Structure formats: structure tokens, C-alpha cells
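What you see is a predicted model, and the numbers here were worked out from it, not measured in a lab. Letters go in sequence order (proteins before strands), and every chain restarts at 1.
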There are 2 protein chains.
Amino acid sequence: MTTADRPSLLLVEDDAALGPLIAELLYPDYHVRLVTNGRDGLHVGLTEAWDVMVIDRGLPVMDGIALIAALRSKGIGTPILILTALGDAEEKVRGLDAGANDYVTKPFDAGELAARLRALTRTYAAVPAPLSIGDWELDPAQRSIRSVYGHTVSLTAKEGQLLAALAAEPDRVFTRDELLSAHFHASDQPGVIDTYVHHLRRKISKAVIRTVHGVGYQIGDAHE
Amino acid sequence: MTTADRPSLLLVEDDAALGPLIAELLYPDYHVRLVTNGRDGLHVGLTEAWDVMVIDRGLPVMDGIALIAALRSKGIGTPILILTALGDAEEKVRGLDAGANDYVTKPFDAGELAARLRALTRTYAAVPAPLSIGDWELDPAQRSIRSVYGHTVSLTAKEGQLLAALAAEPDRVFTRDELLSAHFHASDQPGVIDTYVHHLRRKISKAVIRTVHGVGYQIGDAHE
DNA sequence: GCACTTCTTAAGCGTTTCTTAATTGCCTCG
DNA sequence: CGAGGCAATTAAGAAACGCTTAAGAAGTGC
């Protein structure tokens, strides 16, 4: 998102009556900027960052299709929705293949347009949910751990596995044998765990991994 | 992309006549897998990786909307297109807000469906916007790299491809096999990558490409 | 066809990471 | 408070992995 609150939306529509109408319709949910021809659309689209664009098909100076193609060729990946009266399938194919992400025909339903725009601007946090550990965030894929202040520390494979195992179930106390069988070779001595706990405490901070005397290790606090 | 050639497509459609028909329609452009109820769709959608999904609205066992919501709640971000007979605006809003990315009503135009699927699977990462890598800028043609001080170094084809692949997703760690399958012949030994990384480091600067021991290589930071 | 560049393979060497083990320090219970 | 057990720390050998080099193969242009 470009702004902290509402997504920014660039509306390119030449119809003097319809343009302001759509802008007003979208105003509660987006920061709307209205331009009325293709050349202005290209300029504003290239020089400013937008979260989504709504582009009319038939535009003066520069056609909507040409505008989209120009934006895409310049590396602009912003989601684009075409809004137009031309509704037959061939036109839709041309518009979508020019680089648009969705195609809505006039007359359109305001609710549907809004829903389609939501679908375009929606982002999924599909990223392998980073495990949070106190002030730290573990990224298993990247084998590193980031503090909340940008500071990043890289971990070795075993360090990462041990930390991930502990962090997977916060507050649970793991015995050395449990941790061993999870990610280390069966032949390993339980003392291996002690060594890696030490490495981790040195890399991160002492307080993160708690020792439960006579039992094992734990992240977070169980009792008290 | 999941496969090197065609994108993979999961089709969830219970109509015994329509399902195979759509599958055949899409077959030239996608690796299609057809399942006929929501529960199977959920299972296959969660356990295998797909480039795009086409889901019928009315499904036995588990409704299409419920299926999409379940997939999204599990962190599946794959583009989803709803294909259904229910066409009024309210239904579209419900479907899109459940997490679908596009909504097509039956009867549909084959060309439009294909174009909308292309729009969903299209990525703009391939756009030759000059990739910036630290103090360097990779030329779109990928055959040379310029430092911020005018200094230019020419790269061989493979060097450029490898660097571009890494730079396309900064901070992501690529395994040797991923990099191999991207731009080298499948028969190549993973050691090829090591050699090219070495070449690049000598031409540019050592710090640009980071080694993640036991995993692969990365551009961007995660160091300290 | 020849010279040159680029690509690929492979092997030795150096570094990082993993594991073991011994020493030192600390906690708990009698 | 002291003994015994448990944990923390350190160091060093072993193993895995990556870096570097060099040389032959394949490709390209003249």
C-alpha cells in the first residue's frame, strides 16, 4: 500500500459526467485521482505510485488499450481494471491480453465493481508465517532471524531447526531427547542440545530460551 | 510456475458433462486436474502446488465459497476464478469477498475465460525494468551491468541470466537446483552454479551475492 | 576451417558447521 | 551450608560444504 490508510486509485475516464460520479462512488474506500485522457494517465501512472487503476476503454489522445500496453512495457505491474461499454468477448480478450487484470462493462453494478477492486488490491500473507519469538521473528525459509528493529542475524541449519522446534509450541517445555529426535541424529549425545542452546543465546539474547532445571528447555514463560 | 512448460490448473466442477468439457478446453494451455467435489478440492488444493484454480460455485459436500474461504484461511494465495450460473451482483460480491480473484458466469465465452485466466497467471516480473543490485544496475538486455559511477562490466549470457534470476527476488534464497532449472540445462551438475557465482563475484564485488550454507545463494541482506 | 569466446566438468583446497568431550560454574535438596 | 547432579562454556577434531582453479568441450563469428 502506498498510503497508510486507503489504497490509492488512478481513474482514467473521459466522460465528463461519469468520471466524477465514479470518483465519488469510490471515494470512501480509495484515494481517487481522476484524469481525463490517456496521455495524462500515462504520465501520472509512470511518475506516481498507485495501488490500482481503473481505465476507460475509449479515451481521447491515447486509447485505453494503448495506455495499458505502455504502462506494462515500462514495468508498471499495478493491477488495472478496464471499465467500458464495449462488452463482447473479443474486446474483453484484447483488453485483458493488453495487460489488464479485470474487465467490467457499463452499465456496471457499484457493489460488483467495489468487490472486484477489493479482489485486485487484496494481498495474502501466504508467506510461511514467520514465528515470533519475543522481539524476534524467525524466517524458517531464509534461515535467519530478524529483530523488530531491522537487525538480522543468520542462523546455521541446526540452530534454525532447534529454534523453530522450540518456537512452534511456546511455553511448552521440551526435554533434550525430544529435541534430539526431532532434528538431530539419533546417535547424538543429549549434550549437543546444550551446545546449540548456547550458540543461540549468544546470537540472539540470553532471555529468549529458558532453562527448566532437570527437565529441558522452553521459549516463553510457562508458570508464574 | 510449478512446471517448466504449462501452468498447472486445478478445476473443481461437479457437473459430469461440463467438467471434462472445460478440462479439454483448457488442456492446450494448462496442466489440468479435475476434481468433482469441494472436499477433494480442498485436499488437493492444500497438498499440491497450483498456478491457478477454477472453482464451481455450487458443489456437493463442500460449497465453492466455503472451499475458497478454507483455502485462503490456510494461507493459499493461488489465483482463483469462480465459474458459476449464479450471476447477480450480490452473488459476485460474496464470491469475490470470500477470496476469489475473478468471477465468470455461465454460459461463458471460451475466449474470455482463457483471457481472464491468462490475466490471473500473468506475472510482470519478466518486465525488463532495470534491476538494481546494490551499487549496480543490470541492463535489461542482461548482457552488461553498470555501476553507479559509469563503470560498465559486460556479462556473458549465463552470467546475466543467473544474476537476473537472483535479483528478480531479492532476499529470497535460491537453491542450486532452482537456479539450474531456471536457465541451465537439466543435465548440468549443481556445481555449475558455484562456478558462475564465482565469476560474478569476481566481475562485480564479493558482497553482492551471499552464500547461505547448505541451502543456496541470495541477493540482498540477511547478514550480520 | 580457424581463432576466439563461452560453457561445463572435475578435483584439490579452504572454510563453515556439526559433534564430542572436558572443564567450570550453578542450582537444589538433604 | 555442602555435596551431588545438572547446566554453561570452551575448545578441538570430524565431516560436510563451498571456493577456486584449470582444462577440455561446445559454440560463435570471421
Q: Quickly work out the A:Gln218 CD to D:dA7 P distance and round it to whole Å.
A: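 Atom-to-atom, A:Gln218 to D:dA7, this comes out as 14 Å.
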Q: What's the CZ-P distance between B:Arg210 and D:dC17, to the nearest Å?
A: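 Nearest whole value for this atom pair: 18 Å.
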Q: Between the side chains of A:Thr211 and A:Arg201, is a donor N or O closer than 3.5 angstrom to an acceptor N or O?
A: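 There is such a pair (donor and acceptor under 3.5 Å, judged by atom type) between the side chains of A:Thr211 and A:Arg201.
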Q: Nearest of C:dT20, D:dT9, C:dT8 to any side-chain atom of B:His199?
A: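 Comparing C:dT20, D:dT9, C:dT8 against the side chain of B:His199, the answer is C:dT8.
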Q: Rounded off to whole Å, could you give me the CD-to-P distance for the A:Glu159 and C:dT17 pair?
A: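 Whole-Å distance recorded here is 8 Å.
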Q: Could you tell me how far apart B:Leu162 (CG) and C:dT6 (C1') are, to the nearest whole angstrom?
A: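 Computing the B:Leu162:CG to C:dT6:C1' distance gives 15 Å.
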Q: D:dC19, OP1 or OP2 - any side-chain N/O from B:His198 closer than 4.0 Å?
A: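 Result: no.
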Q: From C-beta outward on A:Asp194, which listed nucleotide comes closest to its side chain: D:dG18, C:dT20, D:dT9?
A: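 From the listed options, D:dT9 comes nearest.
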Q: Quick one: A:Tyr217 OH to D:dA7 C1', roughly how many Å, whole number?
A: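 Atom-to-atom, A:Tyr217 to D:dA7, this comes out as 6 Å.
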Q: With a cut-off of less than 4.0 Å, is there a side-chain N or O of B:Arg176 near OP1 or OP2 of D:dC17?
A: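 Answer no for this pair, as no side-chain N or O of B:Arg176 is under 4.0 Å from OP1 or OP2.
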Q: Report yes if a side-chain nitrogen or oxygen of B:Tyr196 is closer than 4.0 Å to either non-bridging phosphate oxygen (OP1 or OP2) of D:dC19; otherwise report no.
A: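 For B:Tyr196, the contact criterion (side-chain N or O under 4.0 Å from OP1 or OP2 of D:dC19) is not met.
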Q: Around atom CD of A:Glu90, are there more than 12 heavy atoms of other residues, nucleotides or ligands at under 6.0 Å?
A: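 Counting neighbours around CD of A:Glu90, 12 or fewer heavy atoms of other residues, nucleotides or ligands fall under 6.0 Å, so no.
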Q: With a 4.0 Å limit, can you tell me whether B:Thr156 has a side-chain N or O closer than that to the phosphate oxygens OP1/OP2 of C:dC7?
A: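 B:Thr156 to C:dC7 OP1/OP2: side-chain N or O found under 4.0 Å.
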Q: Counting only side-chain N and O atoms of A:Lys158, is one of them less than 4.0 Å from OP1 or OP2 of C:dT16?
A: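 Result: no.
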Q: Could you check whether any side-chain N or O of B:Glu112 sits under 3.5 Å from a backbone N or O of A:Ala89, counting only pairs where one atom can act as donor and the other as acceptor?
A: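 Between the backbone of A:Ala89 and the side chain of B:Glu112 there is no qualifying donor-acceptor contact (under 3.5 Å).
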Q: Within 45° of the axis and under 6.0 Å from the centre of the six-membered ring of A:Phe174, does NZ or CZ of A:Arg176 qualify?
A: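 The answer is no, since A:Arg176 fails at least one limit relative to A:Phe174.
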Q: So does B:Thr211 get a side-chain nitrogen or oxygen closer than 4.0 Å to the phosphate oxygens (OP1/OP2) of D:dC19?
A: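 Checking D:dC19 against B:Thr211, a side-chain N or O does come within under 4.0 Å of OP1 or OP2.
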Q: What integer distance in Å separates B:Arg201:CZ from C:dT15:P?
A: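 Between P of C:dT15 and CZ of B:Arg201: 14 Å.
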Q: Please report the distance, rounded to the nearest Å, between CG in B:Asp177 and P in D:dC17.
A: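 One finds 13 Å between P of D:dC17 and CG of B:Asp177, rounded.
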Q: Are A:Arg116 and A:Thr121 linked by a side-chain donor-acceptor pair shorter than 3.5 Å?
A: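 No.
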Q: Which listed nucleotide (C:dC7, C:dT19, C:dC27) is nearest to the side chain of A:His213?
A: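 Of the options given, the side chain of A:His213 lies nearest C:dC27.
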Q: Atom CG of B:Leu200 and atom P of D:dT20: how far apart are they, to the nearest Å?
A: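 These atoms are roughly 12 Å apart.
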Q: Which part of the nucleic acid, if any, lies within reach of A:Arg202 when heavy atoms closer than 4.0 Å are counted: base, sugar-phosphate only, or nothing?
A: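 No contact.
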